[in-house]
Amino acid sequence: MNGPRARTRARAEAEVRPILFGVLDGDAIDPRILDRLTPSRRRALDALARDLLPNVRGPDKEMLVGLLGGAGGAVESARRDSRSSRASVRLRAGGFLAEAGSDSAIHDLLALLHDHNPQVRWSAARGLGRLGDPAAISPLLASLEGARPLPVDVVADAIFEIRTCPVSLLRQGLRSRSVATRAVTVELLGRFQSLAAADDVLGLLQHDPSVEVRARAARCLGRMGTPRTIGPLLACLDDGPVALRVQAIWALGEIGADESVPALRAILLDGAHRMAEAAALALLATGAFGVQVLTQIACDGGSSADLARDALASAEPEPHLN
Amino acid sequence: MKTVLVVDDDDALRELILWKLTKGGYATLSAADGEAGLAAATAAATAGVAPDLILVDWMMPKMTGIELCQALRDNPLTSPVPIILLTANRQDAEIERGFEVGVDDYVLKPFNPKELLGRVRAVLARAEARA
């Protein structure tokens with residue numbers, strides 16, 4: 001890190017930094033200054049501009065892209081690199097195109113969604129999220145299927161980042177034959193807290209053949225916080241896969257109604273460790289009545305008491321170790 | 001002249017913020033991670049010249065921005081210093097967590113450096129009005 005090369009680079013960066021920051025301050029830049037830069041200074045300037053791209057927005061970002069594009073066309077170069085035979089080059093190019101946000105970026109990133117390298121595909125999905133263009137939503141959903149499918153959470157994160165997803169499109173996704181598409185759409189409905197879709201999600205919780213979809217539906221209902229879904233969530237606690245029951249327990253805690261407390265108490269006292277642990281935290285989340293029950297269990301002793309104490313302690317601010 | 005301590009592990013961004021603050025008429029201190037930021041703030045405060053404001057990045061190695069804010073608030077010497085958190089995290093729960101540990105304001109990344117300077121001025125003005 002402190003070798004001669006690093007020192008040379010640091011020197012070059014220190015020299016070009018005022019030029020770059022001046023541009024961000026609105027200084028008009030004399031093209032002759034850029035033309036006179038040595039190749040190493042030019043590289044340092046480009047590297048600094050690239051490093052700053054993810055952190056600035058609006059006109060500042062445009063200025064940086066202009067600076068990069070004006071000197072040999074960094075965007076065009078990245079577009080070429082996105083078709084390189086080396087995955088690391090495609091990965092870097094995709095990241096840059098997403099940050100630069102040029103007009104062509106969406107097309108280049110959509111192409112990278114089908115790359116044979118998974119890291120490039122994931123990065124392209126994240127890049128599409130950062131671009132924020134709703135036109136990427138359908139292709140992102142489609143990328144859940146096919147020979148090189150993207151993971152559910154990668155797609156959900158990307159679409160969530162876009163922020164403006166039509167609920168109608170998501171509700172349509174709930175009826176898809178694809179488990180992954182149903183999982184992503186139910187996940188997003190929860191994150192967007194789309195109450196209009198609560199009945200559809202309830203239907204998935206009760207009848208979907210996939211445990212993953214049902215578990216995500218339970219989580220979604222917890223995020224929506226609709227009290228009328230308490231009954232169906234309580235029904236999930238009786239039997240079924242642990243993954244579903246743990247999510248239903250969490251959801252009941254989030255909805256925070258006193259009527260869930262007896263069932264959560266019973267699980268804390270008699271359930272398997274993972275469920276009991278979730279029940280303790282859910283009791284804490286339900287509010288005053290849940291805390292009262294937790295405190296009682298903590299005082300009574302036994303194995304459940306430890307979990308109750310842990311849950312109560314998690315509500316306390318953590319002391320800092322100096 | 002007011003002093004602002006900037007704690008950010010991103011060299012390019014830290015330098016940009018320092019540049020902007022200097023041009024805006026502030027004296028600056030800087031640190032490249034949470035531990036160094038805590039040490040710098042504590043040392044300055046112990047010497048009786050606590051920074052007037054601390055800008056803290058959320059995601060940092062060794063000690064996160066939230067952990068740093070908590071540590072600053074736990075120390076009577078640094079607890080009154082206003083803190084602005086820089087974060088790319090847009091989730092409400094995470095932002096609430098920042099306010100829970102005593103952050104005065106936050107700036108979402110990507111940001112406009114001019115806007116950041118405006119926030120610094122506003123938080124310092126509020127702190128001055130409180131004093």
Side-chain angles (χ1 to χ4, degrees), chain A residues 1 6 9-10 13-27 44-65 98-101 126 129-132 157 160-163 190-193 223 254 285 315-322, chain B residues 6 8-24 32 34-35 38-39 41-42 46 55 57-59 63-64 66-79 86-93 97 99-102 107-117:
Chain A
M1 288 294 282
R9 186 182 162 180
E13 282 186 357
E15 282 180 31
V16 297
R17 205 173 280 134
I19 300 175
L20 185 65
F21 293 171
V23 170
L24 289 175
D25 259 347
D27 294 353
L45 184 73
D46 287 353
L48 271 178
R50 281 199 188 91
D51 286 350
L52 281 175
L53 265 183
N55 294 308
V56 296
R57 61 179 162 79
D60 294 315
K61 178 166 273 192
E62 283 167 22
M63 273 187 255
L64 289 179
V65 173
E99 290 303 343
R126 281 196 295 270
R130 280 202 302 278
L131 275 185
D157 287 347
F160 186 60
E161 183 82 17
I162 291 171
R163 294 267 153 187
R191 292 199 203 176
F192 286 120
Q193 298 185 323
R223 283 173 168 151
E254 289 302 296
E316 301 292 328
E318 285 177 29
H320 183 77
L321 300 173
N322 283 315
Chain B
V6 180
D8 196 323
D9 62 318
D10 183 326
D11 294 342
L13 184 60
R14 192 179 62 249
E15 292 296 337
L16 173 63
I17 295 169
L18 291 172
W19 162 279
K20 201 72 201 168
L21 290 169
T22 307
K23 283 199 80 175
E35 282 181 4
L38 181 60
T42 310
T46 307
L55 270 170
D57 183 35
W58 182 299
M59 293 292 288
M63 182 184 241
T64 67
I66 289 292
E67 288 167 340
L68 173 58
C69 295
Q70 185 72 66
L72 291 166
R73 289 295 177 244
D74 288 347
N75 182 340
L77 288 175
T78 54
S79 63
L86 292 169
T87 176
N89 199 331
R90 285 160 196 278
Q91 299 207 6
D92 292 344
R97 172 96 182 98
F99 284 120
E100 275 168 20
V101 298
V107 172
L108 282 175
K109 289 199 273 189
F111 61 88
N112 176 331
K114 291 187 190 91
E115 176 197 325
L116 178 68
L117 197 58

*Sort A:Pro18 into side chain, backbone, both or neither according to what part of it lies under 4.5 angstrom from a heavy atom of chain B.*
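Both backbone and side chain of A:Pro18 come within 4.5 Å of chain B.
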*Heavy-atom contact with chain B under 4.5 Å, split by part of A:Asp60*: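 For A:Asp60, the side chain is the part near chain B, not the backbone.
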_Pair A:Arg130 + A:Glu161, salt bridge at N-O below 4.0 Å_ =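 Answer for the salt bridge query: no.
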*Salt bridge check: are B:Asp57 and B:Lys109 linked by an N-O gap of less than 4.0 Å?*
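So B:Asp57 pairs with B:Lys109 through a salt bridge.
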*If you count heavy-atom pairs under 4.5 Å with chain A, which of B:Leu86, B:Val101, B:Asn112 comes out on top?*
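With the most close heavy-atom pairs to chain A, the winner is B:Asn112.
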*What residues, two or more places apart in sequence or in another chain, satisfy ring pair (Phe, Tyr, Trp, His ring centres under 6.0 Å) together with B:Trp19?*
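For B:Trp19, the residues satisfying ring pair (Phe, Tyr, Trp, His ring centres under 6.0 Å) (neighbours in sequence not counted) are A:Phe21.
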*Determine, step by step, whether B:Asp9 and B:Arg14 satisfy the salt bridge (Lys or Arg N to Asp or Glu O under 4.0 Å) criterion, reporting the C-alpha distance in whole Å, the side-chain angles of both residues, the deciding distance to 0.1 Å, and the verdict.*
CA-CA 7 Å; B:Asp9 62 318; B:Arg14 192 179 62 249; over 6 Å; no
*Side chain, backbone, both or neither: which part of B:Asn75 has an atom under 4.5 Å from a heavy atom of chain A?*
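Neither part, no heavy atoms under 4.5 Å.
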